[in-house]
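The structure under discussion appears below in the form of structure tokens.
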Amino acid sequence: MAKNLTTREQDYSKWYNELVIQADLAENSGVRGCMVIKPYGYGIWEKMQAELDRMFKETGHENAYFPLFIPKSYFSKEASHVDGFAKECAVVTHYRLKNDENGKGVIVDPDAKLEEELIVRPTSETIIWDTYRKWIQSYRDLPLLINQWANVVRWEMRTRLFLRTSEFLWQEGHTAHATKNEAIAEAEQMIHVYSDFVENYMAVPVIIGVKTESERFAGAIETYCIEALMQDGKALQAGTSHFLGQNFAKAFDVKFANKEGKQDYVWATSWGVSTRLMGALVMTHSDDNGLVLPPKLAPIQVVIIPIYRGDEEFDKVSEVALELQKELRAKGLRVKFDNRDTQKPGWKFHQYELKGVPVRIAVGPKDIANGTFEVARRDTLKKEVMLKNEVVDKVSGLMDEIQKNLFSRALDNRTEHTTEVSNYDEFKQVLDTKGGFISAHWDGTLETEEKIKNETKATIRCIPSDVEKEEGTCMVTGKPSRERVLFAKAY
RNA sequence: CGGGGUGUAGCGUAGCCCGGUUAUCGCGCCACGUUUGGGACGUGGAGGCCGCAGGUUCGAAUCCUGCCACCCCGACCA
């Protein structure tokens, strides 16, 4: 374990890479662009999964599982979909290896070429809609509300742990509806489920909005998104929910008999969040001492560290610590008593700080004599001595307090780094000096959006949904604008 | 995929230009002892296909070719 973490000030990107590795979340593997998610990192992901899964089920969805492989022909059925993903697909062409005749190792058996190549799914719309054709005949079969937890592969040029990996874990919801309005309502509902989760569990504030045409999902009519702002002033797309219209139903011929007895194509949505959320979590809250985790997602919420000399003291301290652990667990907290004799207290303090455990409690002979505990919170790094009879209530109260503090700290950062500008010069200046979200007027054309992107690298992150519309003139062309949109440099 | 860089013990590194005894140092690891309220110290010890595969040579970590991976900059990124 390296002792020093690069600071955010020195090199934000390096800080992130080092932190993910040092906090034991994940590491690079021998496979290009693919990561190994380590137990601690996976533990956080499991917490995320559990909450999201619960929320999906509460909104009427069921889980299912579809194949990893998609026949190539399925892919070509929806034209814009193939445009969006073709360049980053891994393709299976053979099904057998054999021993190399002139030497060592194995080679691909040229005789084992597949009749039709299989695509490793970059997303599952095609295979799912091909299946839905068989499941849907009548309006009585609708709505069909399915989610799957899966891995997908997108052959990215440049990868970064969690933020962009060739293989990643995610969930993808795929729903089918009888009417357009119902499908739109579903897509909107799910983006709100995402924002609820990201804000209330991850403590990461997000802006809800819709994507511009150029940023839209391949095959979607409308893409709803949540955008978060990282500490370095760059935006991160945290989740998307798509209204797909009848595009996939038409491509895969999924029709149903409506109440009037007429055949109609079904209306679709799809929505997803991925292990990228782990990156958002790390980059939003963590500091130069390491990870900072929101209590609701921390695998360990409270760690108890014993301080002692000799076996006799250890036994006494252990007794008190175990009692405290029991009481805290009775309050529903995830508590670890780290009674390892192989590491010293100071080492443990640093270790759990690096891993972002929200609350640390130290207990030693002095505490036993005084009837106290030393309680340190990770978010503020402040220590407080608490009396034995108050510690359980106070610590469980801290969970809520830390959760709220992390959110408000992140929200303050976003507020500070959100700027309204009135002209293009100001826009460029803010982008260069301050970064963050920039709210500006845009004429709604692809050309202007493209020009801004080429000249500044900033993209339109979204057209925010929950704000009052304000008319104005485009900062670039001076043409009329119906509303402000949100620009930023993005991950 | 283009430009640049890197790959030597679990991690970080010296050596490479200019080939030649047993590959350097620190952290970590193991044993024993002393320690334990913010990353302990001493003594002893283990650990190496020098990224992989070929080639040149009496001899390769070092020179040449190919490949793989990682980092930085670009392009790409629903």
Side-chain angles (χ1 to χ4, degrees), chain A residues 1-6 11 13-14 16-18 21-22 27-35 78 80-89 100 103-105 122-125 152 154-161 163-166 168 170 172 211-225 236-237 239-244 247 270-274 276 289-290 305-311 313-314 317 339-354 360-370 372-374 376 381 383 385 453-454 457 459 490-491:
Chain A
M1 182 69 65
K3 285 189 177 172
N4 294 311
L5 188 61
T6 298
D11 186 339
S13 163
K14 202 171 169 197
Y16 174 82
N17 288 333
E18 288 179 6
I21 287 164
Q22 289 190 26
E27 63 189 29
N28 280 306
S29 70
V31 188
R32 175 208 283 273
C34 296
M35 64 179 164
E78 215 288 332
S80 59
H81 196 65
V82 76
D83 280 350
F85 288 105
K87 284 170 290 183
E88 51 189 48
C89 284
D100 188 1
K104 315 149 198 173
T123 180
S124 302
E125 273 80 3
V152 288
R154 297 181 191 177
W155 215 257
E156 301 288 354
M157 295 300 176
R158 249 176 98 177
T159 56
R160 292 188 71 191
L161 292 170
L163 295 175
R164 177 168 290 114
T165 47
S166 297
F168 55 92
W170 78 343
E172 44 182 328
K211 288 290 184 189
T212 61
E213 191 187 344
S214 69
E215 299 272 332
R216 214 172 273 157
F217 178 73
I221 307 291
E222 186 86 281
T223 289
Y224 301 84
C225 63
L236 184 75
Q237 177 177 299
T240 49
S241 177
H242 315 288
F243 167 57
L244 300 171
N247 291 347
S270 69
W271 28 274
V273 294
S274 71
R276 185 179 230 206
N289 295 311
I305 296 174
I307 292 155
Y308 57 92
R309 297 165 191 259
D311 288 349
E313 249 178 38
F314 175 73
V317 168
N339 62 356
R340 286 179 295 174
D341 190 36
T342 51
Q343 312 294 349
K344 299 185 53 169
W347 187 90
K348 291 177 186 172
F349 289 173
H350 281 266
Q351 191 64 200
Y352 290 106
E353 230 157 69
L354 186 58
R360 181 189 73 226
I361 301 177
V363 53
K366 284 186 214 163
D367 296 298
I368 292 178
N370 300 334
T372 58
F373 293 98
E374 184 194 82
L381 295 168
K383 287 191 253 189
V385 174
K453 184 179 175 182
N454 290 337
K457 289 183 189 166
T459 51
Y491 274 98

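The figures that follow rest on heavy atoms only: side chains count, while hydrogens, waters and symmetry mates do not. Order of the sequence lines sets the chain letters (A, B, ...), proteins ahead of strands, with each chain counted from 1.
Side-chain N or O atoms of A:S29 include one that pairs as donor or acceptor with a backbone N or O of A:C34 at under 3.5 Å. Side-chain N or O atoms of A:Y224 include none that pairs as donor or acceptor with a backbone N or O of A:F243 at under 3.5 Å. Panel note: side chain A:R154, backbone A:P122; a donor-acceptor pair is recorded below 3.5 Å. At distances below 3.5 Å, at least one donor-acceptor pair connects side-chain atoms of A:R276 with backbone N or O atoms of A:L163. Proximity of a side-chain donor or acceptor of A:N17 to a complementary backbone N or O of A:K14 within less than 3.5 Å is not detected.
Only the C1' atoms considered, B:rA60 is 42 Å distant from B:rC41, to the nearest whole Å. B:rG44 and B:rG5 have their P atoms separated by 44 Å, given to the nearest Å. B:rG20 and B:rC68 have their P atoms separated by 30 Å, with the value rounded to a whole Å. The C1' atoms of B:rC67 and B:rG19 are separated by 24 Å, rounded to the nearest whole Å. A gap of 24 Å separates the C1' atoms of B:rG10 and B:rU43, to the nearest Å. As rounded to the nearest Å, B:rC16 and B:rU62 have C1' atoms that lie 4 Å from one another. Look at the C1' atom in both B:rU24 and B:rG47: the space between them is 15 Å, to the nearest Å. With both ends at atom C1', the span from B:rC77 to B:rG4 equals 22 Å, rounded to whole Å.
Looking at A:K366 and A:E374, no side-chain N of the basic residue comes within less than 4.0 Å of a carboxylate O on the acidic one, giving no salt bridge.
Along RNA chain B, the nucleotide nearest A:C34 and the nucleotide nearest A:A218 are compared for position; the residue whose nucleotide lies closer to the 5' end is A:C34. Nearer the 5' end of RNA chain B, as judged by each residue's closest nucleotide, is the contact made by A:L381, out of A:L381 and A:T223.
Distance NE2/A:H242 to OG1/A:T223: 4.5 Å, rounded to 0.5 Å. For the atom pair CZ (A:F373) and CD1 (A:I368), the distance works out to 8.0 Å, reported to the nearest 0.5 Å.
Nucleic acid contact class of A:G33 (heavy atoms, under 4.0 Å, all strands): sugar-phosphate only. A:R276 comes within 4.0 angstrom of nothing in the nucleic acid, heavy atoms only. Using a 4.0 Å heavy-atom distance criterion, A:E313 is classed as making no nucleic acid contact. A:F85 comes within 4.0 angstrom of a nucleotide base, judged by non-hydrogen atoms across all strands.
The nearest whole Å value for the distance from the CD atom in A:E27 to the P atom in B:rG12 is 12 Å. Per the geometry, CD belonging to A:Q22 stands 14 Å off C1' belonging to B:rG10, to the nearest Å.
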Go through it in stages, so that I can follow the logic: the residues are A:E78 and A:S80, the test is side-chain hydrogen bond (donor to acceptor under 3.5 Å, both in side chains), and I'd like the CA-CA distance, side-chain angles, deciding distance and then a yes or no.
CA-CA 6 Å; A:E78 215 288 332; A:S80 59; 3.0 Å; yes

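Shown here for A:W170 and A:V273, the closest heavy-atom pair between the two residues is CB-O, 3.1 Å. Summarising the geometry of A:K211 relative to A:C225, their closest heavy-atom pair is CE-SG, 3.7 Å, with the distance given to 0.1 Å. Contact between A:R340 and A:Y308 at its shortest, heavy atoms only, is O-OH, 4.1 Å.
Taking a pair as Watson-Crick or G-U wobble with both distances under 3.5 Å, RNA chain B forms stems of 3 or more consecutive pairs at B:1-7 with B:68-74, B:10-12 with B:25-27, B:29-34 with B:40-45, B:51-55 with B:63-67.
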Could you run down the sub-3.5 Å N/O contacts of the protein with nucleotides 29-37 of chain B?
unit_1, atom_1, unit_2, atom_2, d
B:rU36, OP1, A:R309, NH1, 2.5
B:rU36, OP1, A:R309, NH2, 3.0
B:rU36, OP2, A:R309, NH1, 2.5
B:rU36, O2', A:Y308, O, 3.1
B:rG37, O6, A:G364, O, 3.3
B:rG37, O6, A:P365, N, 3.2
B:rG37, O6, A:K366, N, 2.5
B:rG37, O6, A:D367, N, 3.1
B:rG37, O6, A:D367, OD2, 3.4
B:rG37, N1, A:D367, OD2, 2.5
B:rG37, N2, A:D367, OD2, 3.1

List every contact pair, protein side and nucleotides 71-76 of chain B side both N or O, where the distance is under 3.5 Å.
unit_1, atom_1, unit_2, atom_2, d
B:rC73, OP2, A:R158, NH2, 2.7
B:rG74, OP1, A:K457, NZ, 3.0

